[in-house]
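Residue numbers start from 1 in every chain, and the chains themselves are labelled A, B, ... in the order their sequence lines are given, proteins ahead of strands.
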Amino acid sequence: MASPTSTLSPDAAPVAEPRLQLRVTRSPGDRVYRAVAYAAGGTTFVILAAIGVFLLLEAWPALKEAGWGFFTETEWNPDGQQFGIASVMLLTVEIAVVALAFAVPVAIGAALFITDYAPRSWRRPLTSLIDLLAAVPSIIYGLWGLFFLQPRLIKVSDWLGEHLGFIPIFEVKSGNLAGSTFIAGVVVSLMVVPICASIIREVFSQAPPGEKEGALALGGTRWGMIRTVVIPFGKGGIIGGSMLGLGRALGETIAVALIISPIFDPTVRILDGGGNSISALIALRWGEATPFSASALMAAGLALFVVTLTVNAIASIVVVRSRSGAATEI
Amino acid sequence: MSTTISADDTAPVDTQNLIDLTRTPASMTARDVSAWFGDHKVLERVSIDVKARSVTALIGPSGCGKSTFLRILNRMHELVPSASLAGTVMLDDVDIYRDARSVTQTRREIGMVFQKPNPFPAMSIADNVVAGLHLSGTKPRRGEVDAIVERNLERAGLWNEVKNRLGAAGGSLSGGQQQRLCIARALAVDPRVLLMDEPCSALDPTSTRRIEETIADISDDVTIVIVTHNMQQAQRVSHHCAFFLAAENQPGVIVEADTTETMFTNPQDQRTLDYVHGRFG
Amino acid sequence: MVVATDTPAPDAPAPDEVRSAKPGPAEPRLRIRRFEAADVGALAGSAISAFCLMWLVYVRLTPLSGGVGFAICWYATFIVTYWLVVREQRGALAAKDKVAGVVVATAGIGCLVPLTLVIGYTVWKGWQTFRLSFFTETQEFTGPLSDATDGGAIHAVVGTLEQVAIATVLSVPLGVATALFLNEIRGRFARPVRIVVDAMSATPSILAGLFIYAVIVLQLDWRRDGLAVGLALTVLMLPTVTRTAEVVLRLVPGGLREGALALGGTEWRVTRQVVLPTARTGLVTAILLGIARVVGETAPLIVLNAGAFVMNANPFAGNQEGLPLFIYRYINFPQPARKDAAWTAAFVLIMIVLVLFTAARLIGGRAPVARRAVVRRKQKEPA
């Protein structure tokens with residue numbers, strides 16, 4: 001009979017070791033628990049899919065009517081059979097771009113301030129402050145933007161248009177500068193800053209201290225250390241946070257609806273009075289919409305849904321793939 | 001009573017940004033250096049003489065304040081918010097804390113290699129080597145960069161292994177290679193003293209041996225102070241040793257400091273004898 | 001055995017001194033300051049000289065105008081001046097460092113300014129017409145020409161409270177269960193579900209309103225404002241609750257779970273008796289933050305055609321008002337008195353958000369994420 005002890009002889013045939021197959025038997029309570037949890041997870045799928053499905057369902061009559069022209073037509077006149085999101089989408093993107101142009105640098109600066117410049121004791125209060133900024137409802141921002149900021153920003157628009165008007169986007173043609181893309185963009189940027197700042201701050205705070213020390217030990221100044229270690233590390237978070245902010249800026253409804261004077265002209269003149277966004281369009285036109293108009297608005301909403309989902313998907317991928325993203329969750 | 005010192009760049013412009021052509025290895029002297037974290041004292045009146053062009057090893061059991069003392073030598077100790085210190089640290093005849101000299105300038109002249117290798121992963125190997133130059137504001141001239149990279153990788157004993165892939169990311173090297181890259185990076189700014197905080201403790205024996213060879217090679221160009229809890233390593237690489245010890249709940253002190261040979265064969269203090277013979281630690 | 005020594009070396013303490021705890025003479029600690037007089041001087045000097053230069057150029061010499069424009073130009077000149085001054089004093093490297101510091105500090109402190117302005121302005125405008133009847137009367141007897149102090153908004157407040165309550169009742173169990181799924185059970189779908197939750201949290205609120213409209217009004221043909229709004233708010237609140245709850249659950253140490261399992265607990269018992277109680281304050285925070293997020297949502301109210309002038313305490317039937325909708329409606333009236341009514345409501349809304357937020361912070365302590373960072377930092381404190 002073969003000896004049960006292992007042998008070092010290379011000629012010995014390997015002894016088969018039957019591995020134990022472990023099967024999990026769960027108590028009834030656990031099975032219910034797991035079923036409920038799985039159902040909850042599944043519900044999120046269902047809800048998201050349902051949003052898309054129902055929007056499509058309601059939008060179908062209008063989409064069928066407009067055909068591919070839905071994406072190229074600039075006018076919005078559903079009852080007159082002439083409607084398309086070309087200009088509204090462009091204007092929505094313009095507002096979002098203006099918003100990000102202000103929000104991202106400020107968010108990066110604020111995040112750097114909290115993680116690497118401010119005294120340690122300031123960190124918690126400042127972080128709470130940023131979270132509070134994010135919790136303020138958009139209607140409050142809209143009111144403030146409309147009554148407080150707009151009169152003052154009109155002066156800035158005037159100044160920019162006068163002195164930098166040779167640049168196409170700063171050109172001013174109409175005499176009325178109220179309700180412009182620029183002003184709406186600035187107000188939206190206030191809402192986007194806290195979102196970006198809190199993500200970027202989280203990412204910056206995870207920058208590897210060993211590398212930061214290394215940079216300082218080589219004789220670097222604080223800014224040199226930040227430039228060499230913190231910002232390269234946080235690139236993924238910066239992009240992810242910005243894209244998340246972009247998503248929010250694209251979908252912002254009330255503040256934009258309060259401020260802009262709606263136009264359907266696919267212009268890039270951001271200082272000129274008049275702008276639009278898909279969600280503001282829906283909010284403003286919904287009250288008097290005929291069923292067909294409502295369907296057209298649903299179609300616009302569907303377009304917005306697709307765009308925000310895409311932007312968010314890209315943001316998730318970018319953040320998770322980056323070095324900094326692996327350590328955070330958005 | 002306390003003395004107030006500026007932690008920022010305070011040197012007038014004429015000592016900045018000139019590549020010091022007389023970057024000769026320097027000596028360092030510490031007198032009555034004590035260190036605290038908050039109110040917890042971790043070093044008690046430590047004094048030491050580090051001779052130029054020598055390798056001085058700081059040995060002793062872990063937790064005695066060797067690394068803390070090392071970080072005081074290049075003004076990294078003050079980066080910890082609750083840290084404070086007392087005493088004098090001289091680089092040749094300059095008091096690095098009190099004389100009008102910027103922190104960044106001091107750290108340029110007193111380099112440091114850390115226990116855990118920390119190359120900049122987003123940069124290539126070549127960029128890592130010159131990173132110190134960029135960080136400290138000394139811009140190498142166009143044609144010089146390659147020469148600097150080669151020379152310092154050569155000094156660190158890494159050139160032959162990476163000369164064909166200087167563009168590879170700094171993080172793609174093995175642990176021992178990364179540490180040698182960090183040594184090359186530290187050497188590239190031409191420091192007068194190089195501090196090494198247990199540089200081999202995270203590495204395998206082969207890498208350790210390579211780095212010890214490097215230390216021997218460069219000790220003529222730069223003064224080296226190395227913290228190590230490996231006594232045999234101290235015996236192999238150093239000319240002088242200082243033995244740190246901290247009694248329970250007491251701050252660390254230097255029990256004895258002498259040439260390596262004396263410390264290991266005929267020390268004056270019984271505790272030194274016990275330690276080098278492995279009776280504790 | 002102590003080896004006899006001669007006089008100890010001058011730069012090493014006598015061996016005996018190590019043992020005794022005798023305190024030595026007072027040692028003056030070095031205090032290392034980050035700023036000094038010269039720094040402040042350079043900063044202030046640059047600011048002042050830039051101001052004067054700008055005043056000269058801007059106001060006197062060129063036909064430029066506008067307060068905000070002046071401020072922008074002054075800031076730009078200040079930065080350039082400061083950079084030149086520091087470069088003269090300390091070299092280019094220090095100049096870059098200092099200017100970067102100023103710019104970053106501006107951004108950091110600049111974040112405070114909008115916040116104070118927004119909240120302060122709202123409070124200032126709303127407080128002027130605030131009175132207790134706001135909470136007792138409705139708009140039943142008011143019209144466009146009424147005074148700002150006529151009527152009240154109790155119907156809006158009740159409406160919002162009920163709608164948010166519905167949303168909370170629906171989203172909290174669902175959200176916590178999803179968080180448990182993601183973190184405790186980690187089923188096969190965990191990753192796709194997380195992606196879906198992230199996607200949902202980015203859904204614009206108006207689309208949530210459109211979705212519920214499509215389902216409730218168009219498909220089911222119900223006219224139940226409160227319920228519909230509550231459902232729309234659920235869609236918005238669910239992802240917030242899920243994600244915050246997940247973070248909170250992740251903070252519960254794994255050792256606790258293992259210990260409970262080792263004692264023979266089933267998964268559910270471990271969750272119910274160990275994990276959830278440990279995470280309780282964090283979960284409360286998650287809920288409060290979720291509520292704070294949805295209490296001010298206006299778009300769903302608009303899209304669901306909610307709105308009433310009278311009190312309707314039944315969310316399951318008929319029209320119901322909501323506080324954000326109240327604000328939106330009256331701010332669009334041309335009459336200043338009606339606008340003032342909107343401001344009062346805005347003041348109430350922001351107070352509600354502040355109270356919720358403060359409560360969340362006080363109950364939950366630090367933000368869950370910050371707590372993790374603190375734990376890690378403590379572990380890194382040098383020995």
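Across A:G224, A:G210, A:A217, the residue that shares the most heavy-atom pairs under 4.5 angstrom with chain B is A:A217. Options B:G132, B:A131, B:A188 differ in how many heavy-atom pairs under 4.5 Å they form with chain A, and the most are formed by B:G132. Most heavy-atom pairs under 4.5 Å with chain A, from the set B:R71, B:R107, B:M123: that is B:R107.
A:L160 pairs by the side-chain contact (heavy atoms from CB on, under 4.5 Å) definition with A:V156, A:L164, A:F182, A:L271, not counting sequence neighbours.
The two residues A:G214 and B:F114 come nearest to each other via the heavy atoms CA-CE1, 3.7 Å.
Within the 4.5 angstrom heavy-atom criterion, no atom of B:P117 approaches chain A.
From B:D197, atom CG reaches atom CD of A:E213 across 9.0 Å, with rounding to the nearest 0.5 Å. In this structure, B:T104 OG1 and A:M225 CE are separated by 13.0 Å, a value rounded to the nearest 0.5 Å. Remark: A:K212 NZ to B:N118 CG distance equals 13.0 Å, nearest 0.5 Å. To the nearest 0.5 Å, atom CE of residue B:M112 and atom CG of residue A:L216 are 11.5 Å apart.
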**Asked** So B:H134 and A:T228, side chain to side chain contact (heavy atoms under 4.5 Å, CB included) or not? Walk me through it.
**Response** CA-CA 10 Å; B:H134 292 300; A:T228 315; over 6 Å; no
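No salt bridge links B:K116 with A:E211; every basic N to acidic carboxylate O contact stays at or beyond 4.0 Å.
Proximity to chain A among residues 177-186 of chain B is limited to B:R185, B:A186, judged by heavy-atom separations below 4.5 angstrom.
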